[in-house]
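Below, each value reflects all heavy atoms present in this structure, side chains not excepted, and no hydrogens, waters or symmetry copies.
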Amino acid sequence: MTASSTRPGPAPCAPRTTEAHTPAHAPDTPPPCAPSYHRLTALTPILDVRCAPPRRGGGWLPVADLTADPGAVRELVAHDARQGLARYGRPLRPDVAAGFGLHRLVWPVSLLFTVPWFLERRVPLLGPDDVSLRRGPASAELTVRPEAFVCLPDDPAAGSPGARTAPDENALAARLRCSLGEFLAPVLNAFRPEVRRGPRVLWAMATDAVVEGLWYAGGLLGERERARAELSALLAPGERSACTPGAGPTPAPAPAPFTPGTGFAPPAPGRPGASGADRSRASCCLVYTVEPGEMCGGCPRVTRR
């Protein structure tokens, strides 16, 4: 976890309402992936996920607004700039505030995809218009509108409305990379002018947020090592991916567009349980620009020297 992270706390994943939207599931059944969201919310005081249509006002921000309105991005960045000033006693560089804001958005949003995959082997097919966010100083609330999802053929819900099947675990993992990448691509593009980084660095930042989020959730679930192993397989270099946002019909090397590898430390000989306790990040959060003493141990500025 980066020094700048806000690990976004508790209420059930309530059945979503039907205002201006017709659900793909029966009204007396929970939305797909709701059990995962409920379990995540119950475990952590810093993240509250509810199955509901996107909200606006009262601090709520639909993610779709960020992808369509540069002013919404600037407003979110200004929020992180104010938080940074309060925390460090000095102003953040604009690009640093934007990087903090992007991380604190991608970190919780990525869990909407990775936790159902980890717990239920279901991948929700979400777009920016399905998610809204309200952030506190050290927590976050999310609404998510899950309907269509991808699952394995033996899933009990495989025949339900909105369900699509992947033939095996590898195909499901590829669908997770693709779905999450498609969701994040317009978000990263919207933040790019504020973060002042190119696509490669932006996707490295996103990769760090995805890995750190599920690794943290795995710890809460008592399955930290399984999370480490499955993340390592999910982002392993050298495979082929069936879908890459904006790449056209030609498969790209997996886990494109994410940065290959998770950066976990290799197992320590003779030290069971000590493996993967640390990781090298794919990107630098730039917290050292305001607080050199908070340099992350896994920062590439340190580990790649």
Side-chain angles (χ1 to χ4, degrees), residues 1-10 44-48 57-63 65-66 69-111 132-142 184 187-198 200-213 215-217 219-220 263 277-305:
M1 186 57 56
T2 70
S4 64
S5 293
T6 297
R7 287 175 287 187
T44 173
I46 57 176
L47 187 62
D48 181 349
W60 286 97
L61 176 66
V63 174
D65 285 8
L66 295 171
D69 180 9
V73 176
R74 290 192 292 268
E75 183 177 344
L76 191 65
V77 172
H79 172 80
D80 283 283
R82 292 189 295 270
Q83 282 197 331
L85 179 61
R87 175 174 178 176
Y88 299 107
R90 66 183 74 178
L92 304 182
R93 270 177 17 198
D95 61 311
V96 175
F100 286 8
L102 179 60
H103 177 83
R104 291 167 179 169
L105 171 66
V106 176
W107 195 99
V109 165
S110 69
L111 289 169
S132 62
L133 173 78
R134 180 165 68 178
R135 281 178 32 199
S139 63
E141 298 172 83
L142 290 164
L184 293 178
V187 174
L188 299 186
N189 188 58
F191 271 84
R192 182 176 178 182
E194 305 298 326
V195 179
R196 301 176 189 173
R197 299 293 186 272
R200 182 175 178 180
V201 174
L202 288 171
W203 281 108
M205 295 170 70
T207 302
D208 283 328
V210 170
V211 172
E212 291 167 4
W215 197 31
Y216 169 75
L220 295 176
D278 298 304
R279 61 177 295 265
S280 298
R281 290 172 46 82
S283 67
C284 175
C285 69
L286 301 179
V287 71
Y288 76 92
T289 61
V290 287
E291 188 54 73
E294 288 201 23
M295 177 78 77
C296 307
C299 178
R301 297 175 64 87
V302 175
T303 58
R304 296 177 188 173
R305 286 179 182 173

Quiz item: Under a 4.5 Å cut-off applied to non-hydrogen side-chain atoms, are Leu111 and Tyr216 in contact?
Solution: no
Quiz item: What is the distance from atom CZ of Arg200 to atom OG of Ser283, rounded to the nearest 0.5 Å?
Solution: 12.0 Å
Exercise. Measure from the side-chain N and O atoms of Asp208 to the backbone N and O of Arg281, and report whether any donor-acceptor pair falls under 3.5 Å.
Key: no
Self-check item: Nearest-0.5 Å distance, CD of residue Glu75 to CG of residue Asp69
Solution: 9.0 Å
Quiz prompt | Note, Pro94 side chain near Arg196 side chain (heavy atom, < 4.5 Å) | solution = yes
Quiz item: Atom CG of Asp65 and atom CG of Leu133: how far apart are they, to the nearest 0.5 Å?
Solution: 11.5 Å
Quiz item: Where is the tightest heavy-atom contact between Gln83 and Pro137, given as atom of each residue plus distance?
Solution: NE2-CA, 3.1 Å
Quiz item: Which heavy atom of Gly101 sits nearest a heavy atom of Asp80, and at what distance?
Solution: CA-OD2, 3.1 Å
Quiz item: To the nearest 0.5 Å, how far apart are CZ in Arg197 and CG in Asp95?
Solution: 5.0 Å
Practice problem: Compare all side-chain heavy atoms of His103 with those of Met205 and state whether any distance is below 4.5 angstrom. | Solution: no
Practice problem: Would you indicate whether the side-chain heavy atoms of Glu291 and Arg87 approach each other to under 4.5 Å? | Solution: no
Quiz item: Nearest heavy-atom pair of Val195 and Gly99: which atoms, and what distance?
Solution: CG2-N, 4.1 Å
Quiz item: Heavy atoms, side chains only, cut-off 4.5 Å: are Leu184 and Leu202 in contact?
Solution: no
Self-check item: Shortest non-hydrogen separation from Ala282 to Ala204 and the atoms involved
Solution: O-CB, 3.6 Å
Practice problem: Please round to the nearest 0.5 Å and tell me the distance separating atom NE2 of His79 and atom CZ of Arg135. | Solution: 4.5 Å
Quiz item: Could you give the distance from CG (Leu66) to CG (Leu105), rounded to the nearest 0.5 Å?
Solution: 6.0 Å
Practice problem: Search all heavy atoms of Pro91 against all heavy atoms of Val290 and return the closest pair with its distance. | Solution: O-CG1, 3.9 Å
Self-check item: Shortest non-hydrogen contact between Ala209 and Val106, atoms and distance
Solution: CB-CG1, 3.7 Å
